[in-house]
2 protein chains.
Amino acid sequence: MQHILAASEKVFAQHGFQGATMTQLAAAAGLPKANLHYYFGTKERLYRTVLEGILTLWLDDATTWLVPERHPADGLAGYVRAKMAHSRLRPDASRIFAGELLHGAPHIMLYLGIELRRTVTDLARVIEGWSARGLMDPINPVHLLFNIWAMTQTYADFDVQIRAVLGKVSIDDVEFATATETVVALVLKGSGVRALEERKSA
Amino acid sequence: MQHILAASEKVFAQHGFQGATMTQLAAAAGLPKANLHYYFGTKERLYRTVLEGILTLWLDDATTWLVPERHPADGLAGYVRAKMAHSRLRPDASRIFAGELLHGAPHIMLYLGIELRRTVTDLARVIEGWSARGLMDPINPVHLLFNIWAMTQTYADFDVQIRAVLGKVSIDDVEFATATETVVALVLKGSGVRALEERKSA
DNA sequence: AACAAACCTGTCCGCTTGGTCAAGAAACTC
DNA sequence: GAGTTTCTTGACCAAGCGGACAGGTTTGTT
């Protein structure tokens, strides 16, 4: 059952919801087609189950790292690194989510408008708090989040492009570390985060 | 003919290559299905034609703005603003490209590995030149480009998410201007671009 | 051992899909 | 205005699709 979901994640990531066929999904799971229908009923329900597994995983990083107690130099860097690690370890999850958004989020509109929106509002307040305390520039916090997501997830969603441009068959650890530090630098310096040593000065 | 391509761009952007049906495409163009087949032969050839139209448009911004003669404060800001404008005015083009990459770029691998790669190499040299002249930090130029693309294109590709989080039906000009300036700030400050007034100091 | 409940799967089915085709309508050519 | 090419289209088709289902197998219970 969990095995089916893992196999389906790969297939859905590569072909999308419409592109994936039940025959492919069944073959990937090593089961006859009718078996998937026994467990999940329809292709859409299988897809939704995969999607929901991803969503529950999705916001944990943020609520761990972006908290008022941390200094933004610590919180933002940690968050970016965590998201980059996710892009490296579970690229298929990111790709399914991306495909869903790309086609208008027909299956997760509610989640976006309610749960994600509420979480983002909370996170924005944390960032605004950091700005108010003079720990970083008064950057627009919501757009900062959009851009952090864009940068970190691009390494999962569009890694074909990255591999093609770099001329590498796969992105090795050194290259990925470079990518991570580039993103960290863009975020920290870009949002004017003061160094950890400095104290409030506002 | 051009009219068919414009209509197809919308449909492909919303449903993807697999998700779009010839019937949908024909309806969008206001023509019978057989007519599209008369002009383009197959669905794939129609898709490729749309895609190629996008690709030719895609790299012009870079080669206009990212040139050695400019100061990076001018070049990078101009490039980001141009890409953001593209995301605003032709989101469908960006979405088709994103979907193509997401599914492993089966139709444009060659373009990525050859033409795009060569262009990126050239652009990287320009950025390295700026760094060497002390006009900005010695940031990894290729990853800087990846991240600029990620940030600017996220406003086209994932605008459902952005609209849902912001709680807006559509992104208005003011909001988009905020987004643009946030990205410009992240890029310029993030890569340590010296202010235009300052002169070389290395 | 008997029975029931849960699980598995080969085979079938209606429907949609991309694509074909023949025949007609328009537009050129001389 | 006859002939020829280009364009347009309704009707059709084989293939592949998601899904249904009946009958078999395994597992659990008493």
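Order of the sequence lines sets the chain letters (A, B, ...), proteins ahead of strands, with each chain counted from 1. The figures here come from the full heavy-atom set of this structure, side chains too, leaving out hydrogens, waters and symmetry mates. Just so it is clear, the model here is predicted, and its values are computed rather than measured.
Distance from the side chain of A:Tyr39 is smallest for C:dC7 among the nucleotides D:dT9, C:dC7, D:dG19. Picking from D:dG10, D:dC17, C:dT9 the nucleotide with the shortest atom distance to the side chain of B:Pro32 gives D:dG10. Across C:dT9, D:dG19, D:dT9, the shortest atom-to-atom separation from the side chain of B:Leu31 is found for D:dT9. Listed nucleotides: C:dG18, C:dT9, D:dG18. Nearest to the side chain of B:Met22: C:dG18. The side chain of B:Ala34 sits closest to D:dG10 out of D:dA20, D:dG10, D:dG18.
In this structure, the side chains of B:Val187 and B:Met151 come closer than 4.5 Å at one or more pairs of heavy atoms. At a threshold of 4.5 Å between non-hydrogen side-chain atoms, the residues A:Leu76 and A:Val184 do not count as touching.
Taking atom CE of residue B:Met1 and atom C1' of nucleotide D:dT8, one finds them 15 Å apart after rounding to whole Å. B:Leu25 places its CG atom 12 Å from the C1' atom of C:dT17, with the value rounded to the nearest Å. The distance from atom CD of B:Gln24 to atom P of C:dT16 is 13 Å, rounded to the nearest whole Å. Taking atom CD on A:Gln18 and atom P on C:dT16, their separation rounds to 14 Å, with Å as the unit. Going from atom CZ of A:Arg45 over to atom C1' of D:dG18 covers 13 Å, rounded to whole Å. Atom pair A:Lys43:NZ and D:dC17:C1' shows a separation of 8 Å (rounding to whole Å applied). Put simply, CG on A:Asn35 is 13 Å from C1' on D:dT25, counting in whole angstrom units.
Note on ring orientation: taking the six-membered ring where Trp is involved, the planes of A:Tyr47 and A:Phe12 are perpendicular (angle over 60°, cut-offs 30° and 60°). Classification of the B:His86-B:Trp58 ring pair by plane angle, with boundaries at 30° and 60°, yields tilted.
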Side-chain polar contacts of residues 110-128 of chain A - donor-acceptor pairs under 3.5 angstrom, sequence neighbours left out - could you list them?
{"from": "A:Arg117", "atom 1": "NE", "to": "B:Val165", "atom 2": "O", "distance (Å)": "3.1"}
{"from": "A:Thr119", "atom 1": "OG1", "to": "A:Glu115", "atom 2": "O", "distance (Å)": "2.8"}
{"from": "A:Thr121", "atom 1": "OG1", "to": "A:Arg117", "atom 2": "O", "distance (Å)": "2.7"}

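Residue-to-nucleotide contacts include a donor-acceptor pair under 3.5 Å from the side chain of B:Lys33 to the base of C:dG19.
Nearer the 5' end of DNA chain D, as judged by each residue's closest nucleotide, is the contact made by A:Thr21, out of A:Thr21 and A:Gly41.
The phosphate of D:dC21 (OP1 or OP2) has no side-chain N or O of A:Tyr38 nearer than 4.0 angstrom.
Within the nucleic acid shown, A:Ala20 comes within 4.0 Å of sugar-phosphate atoms alone, with no base atom in reach, counting heavy atoms only.
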